Protein chains: 2
Amino acid sequence: MRPSKRDELVRKALTVFYRDGFHATGMDTLVQETGISKTTMFKHFRTKEELILAVLRLRDENFRNWLMRRIADLSPSPAGQLIAVFDALEEWFAEPDFRGCLFIKAAGEYPEEGHPIHAQSAEHKRLLKKGLEAIARAAGAADPNLLARQLLILKEGAIVAAHMGFDPDPAGAAKSAAKGLLAQALGSCATSERSDELHAERKPGCQPLCGDPA
Amino acid sequence: MRPSKRDELVRKALTVFYRDGFHATGMDTLVQETGISKTTMFKHFRTKEELILAVLRLRDENFRNWLMRRIADLSPSPAGQLIAVFDALEEWFAEPDFRGCLFIKAAGEYPEEGHPIHAQSAEHKRLLKKGLEAIARAAGAADPNLLARQLLILKEGAIVAAHMGFDPDPAGAAKSAAKGLLAQALGSCATSERSDELHAERKPGCQPLCGDPA
DNA sequence: TTATAAGTGGACAGATCTGTACAGTTTGTC
DNA sequence: GACAAACTGTACAGATCTGTCCACTTATAA
C-alpha cells in the first residue's frame, strides 16, 4: 500500500472539486474534507494545478471506463450501444450528487485554450469521440466520424441540460434525436433498432459516478 | 445620461467575467479593467453577486435579441429559422473572443441548484427554449416542445464543442443533425428545406457578441 | 452661487488564498 | 531495536479576496 495516501487524496479531491468547483475550493478546505495534511498534499503535488490535473486524469479514466462498460452491458450490437449511451447518461443524471461534467466545468474555469487544465479537459472529449467513432464504424455508419461528432454533441448538450435543469428529460430527448441520426446514418434498412428493451442490471464493479468514494 | 456609469460597469464587467471567469476575477481587477472606482461599484451593487446577476441579465437580453434577429434575417420561414440557428452559432464561434457560453460557465462555478446565479442562468436557457418552441409550432412541427428541446440540446452541445475545440466544425455537425430532426418533425413533405442558401448580411445594429464594448 | 448628487482614490479590516518551514510522530523494513 | 520514509500539526509569509470608510473632486441644475 505504498501510494495509497496519494490516491486517496486524488479521489477525495475529485468529489470536492466536482461538488464546489476549482477556484472555489481552497487547499485548506481540502485538508479539512480529506483529512490529509497540507504538508503531504504539497509533497505529492507541487501546486494546486498539478493536483487538479491528477484529478482530471482519474476522472477521465473512471468516466470512459464506466461509459464503455455500461453501454456494452446494455446492448450487444454496436448500433444499440450508440443509443445506449443515452440510457447510461440517464442513470448518471439520476444520481443524487450529479452536478454536470467536470471537464466542462474545468474548461469554463480555465478558459484559455493553451492552459494545461483546459487542454487536458479537451483531450478527454477527444478520447470519447474516438471511442464513439470506433463503435459507429463497427455499426456500419456511412460517415462514422460525423455520426460520432453528432452523438457527442448530443451528449454534451444533454449533460448541460441536465445540470441546468431546463429540460425535464434531457437523456430522453437526446436519445430520440440520436435514434433519428442513427437511422439516417445506417440507411433505411435498420430504422427501428430496438436497443433499449433489455435494460441490463448494473454489473458488479460498475458503480455510479458521483458516489462518495470514502 | 443618468445611469451611464452603472451600465458602463455592467458592460465592461461582462467582458472580463466572460474572458476570465467569475471566481478568478476580483473586484480590484474590475477597477483596473473598467476604470471605475471600487466605491462607485459598491454603491451600485451591494455585493459582487449582485453585479454578476446584473451582468447575466444584460447578457441574456443581448444574446436572445441577437439570436432571434439573426435567424429572422437569415430565413423568412420558421422552419428555415430553426436551421439558421446553427448558422448564427457558426458566426459566433468564429468571433476572436469567443469563449463558450457565459451561462454554462456561471452554472459551473455556482453549481448549487438553488443559488441565484445558477437559477438565473437556467432561466436564460428556459427562455431560449420557449422562443424555439414558438418557432417550432409556427413551423408546424408534430411535437414543438420536443423539437425545441432537441434543438436546444444540439445548440448547447455545439457551444461546448466549439469552446473545448474537440470538433472541427461543431455548428456544421449540429446543423446537419438538426436538419434530420426537422425533416422528421415536419413529416416527409418538406425534407429538403433549403434554408441556408441565402446568407444574409449582418444588418446594422446586429453586432457580434464578443466584441469589446469599450 | 449654491445645494445635491455622483464619482474618485487610497487606506484599511478581516478573511482567505497558495505555498513554505520545521519539529515531532507514525509506519514499514531490515 | 534502528533506520528511513511518510505523515502530521501548526505557524507563517505574502498575496489577494470582498467590502467599508472617509475626505476630496466633479458634474448638474435651480
Side-chain angles (χ1 to χ4, degrees), chain A residues 1-56 105-106 108-112 115-118 120 213-214, chain B residues 1-56 105-106 108-112 115-118 120 213-214:
Chain A
M1 52 177 284
R2 180 72 46 69
S4 93
K5 262 290 189 290
R6 190 194 137 112
D7 290 1
E8 183 189 349
L9 167 60
V10 176
R11 243 184 317 121
K12 291 185 174 173
L14 167 54
T15 65
V16 180
F17 283 135
Y18 182 62
R19 181 189 357 112
D20 298 339
F22 296 97
H23 284 99
T25 302
M27 298 302 279
D28 291 291
T29 303
L30 287 180
V31 170
Q32 208 173 341
E33 295 249 2
T34 65
I36 295 170
S37 72
K38 192 150 52 161
T39 313
T40 301
M41 287 182 180
F42 280 101
K43 197 157 292 176
H44 285 301
F45 303 98
R46 282 189 352 217
T47 63
K48 183 186 180 183
E49 182 180 314
E50 278 189 16
L51 171 60
I52 293 176
L53 288 171
V55 163
L56 292 178
K105 284 170 188 275
E109 290 205 44
Y110 301 88
E112 311 112 283
H115 194 291
I117 292 177
H118 189 102
Q120 189 163 311
Chain B
M1 54 178 286
R2 181 72 47 70
S4 92
K5 263 291 188 293
R6 190 196 137 113
D7 290 2
E8 184 189 348
L9 167 59
V10 176
R11 245 184 316 122
K12 291 186 174 172
L14 167 54
T15 66
V16 181
F17 282 135
Y18 182 62
R19 189 205 329 125
D20 297 339
F22 297 96
H23 285 100
T25 301
M27 298 302 279
D28 291 292
T29 303
L30 287 179
V31 170
Q32 206 172 343
E33 297 249 2
T34 65
I36 295 170
S37 72
K38 192 149 52 160
T39 313
T40 300
M41 288 183 180
F42 279 100
K43 196 158 292 176
H44 285 301
F45 302 99
R46 286 196 342 228
T47 62
K48 183 185 180 185
E49 181 180 313
E50 278 190 15
L51 171 60
I52 293 177
L53 289 171
V55 163
L56 292 178
K105 284 170 188 277
E109 291 206 44
Y110 301 89
E112 311 113 282
H115 194 291
I117 293 178
H118 189 103
Q120 189 163 311

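Since we're looking at a predicted model, the values are computed, not measured. Each chain gets a letter, A, B and so on, in the order its sequence line appears, and its residues count up from 1.
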Listed partners of A:T39 passing side chain to side chain donor-acceptor pair (under 3.5 Å), at least two apart: none
Pair up each side-chain donor or acceptor in residues 27-34 of chain A with any protein partner under 3.5 Å, not counting sequence neighbours, and list the distances.
unit_1 : atom_1 : unit_2 : atom_2 : d
A:D28  : OD1    : A:K38  : NZ     : 3.2
A:E33  : OE1    : A:R19  : NH2    : 2.9
A:E33  : OE2    : A:R19  : NH2    : 3.4
A:T34  : OG1    : A:L30  : O      : 2.6
A:T34  : OG1    : A:I36  : N      : 3.1

Nucleotide-resolved protein contact map, nucleotides 19-24 of chain D, B/S/- at heavy-atom distance under 4.0 Å: BBBB--
DNA chain D contacts made by residues 29-37 of chain B, counting heavy atoms under 4.0 Å: none
Interatomic distance, A:H23 NE2 vs D:dA15 C1' [rounded to whole Å]: 15 Å
Closest contact, heavy atoms only, A:L51 versus A:V10: CD1-CG2, 4.4 Å
Nucleotide C:dT26, atom P - distance to NZ of A:K5 in whole Å: 14 Å
Which atom of A:E50 lies closest to which atom of A:R46, heavy atoms considered: OE1-N, 3.2 Å
Pairwise distance CE(B:M41) to NZ(B:K5) - rounded to 0.5 angstrom: 10.5 Å
Closest contact, heavy atoms only, B:E49 versus B:I117: CG-CD1, 3.9 Å
Any residue meeting side chain to side chain donor-acceptor pair (under 3.5 Å) with A:H23, in chain and number order, not counting sequence neighbours: A:E109
Nearest-Å distance for atom pair CZ/C1', residues B:R6 and C:dA5: 17 Å
Protein-nucleotide distance (B:M41, atom CE; C:dA6, atom P), rounded to Å: 17 Å
Rounded (10°) bend between the five-pair end axes of the helix from C:dT1-D:dA30 to C:dC30-D:dG1: 10°
Nearest heavy atoms of B:G108 and A:K105, plus distance in Å: O-NZ, 3.6 Å
Sugar-phosphate, base or nothing in reach of B:H44, heavy atoms under 4.0 Å: sugar-phosphate
Exam field: side chain A:K48 to backbone A:F22, donor-acceptor pair closer than 3.5 Å: yes
Interatomic distance where CD belongs to A:E8 and P belongs to C:dT27 [whole Å]: 14 Å
Nearest-angstrom distance from the residue atom CG of A:L51 to C1' of C:dG19: 13 Å
Residues in side chain to side chain donor-acceptor pair (under 3.5 Å) contact with A:T25, at least two apart in sequence or another chain: none
ring-ring contact (aromatic ring centres under 6.0 Å, His included) contacts touching residues 29-55 of chain B (sequence neighbours left out): none
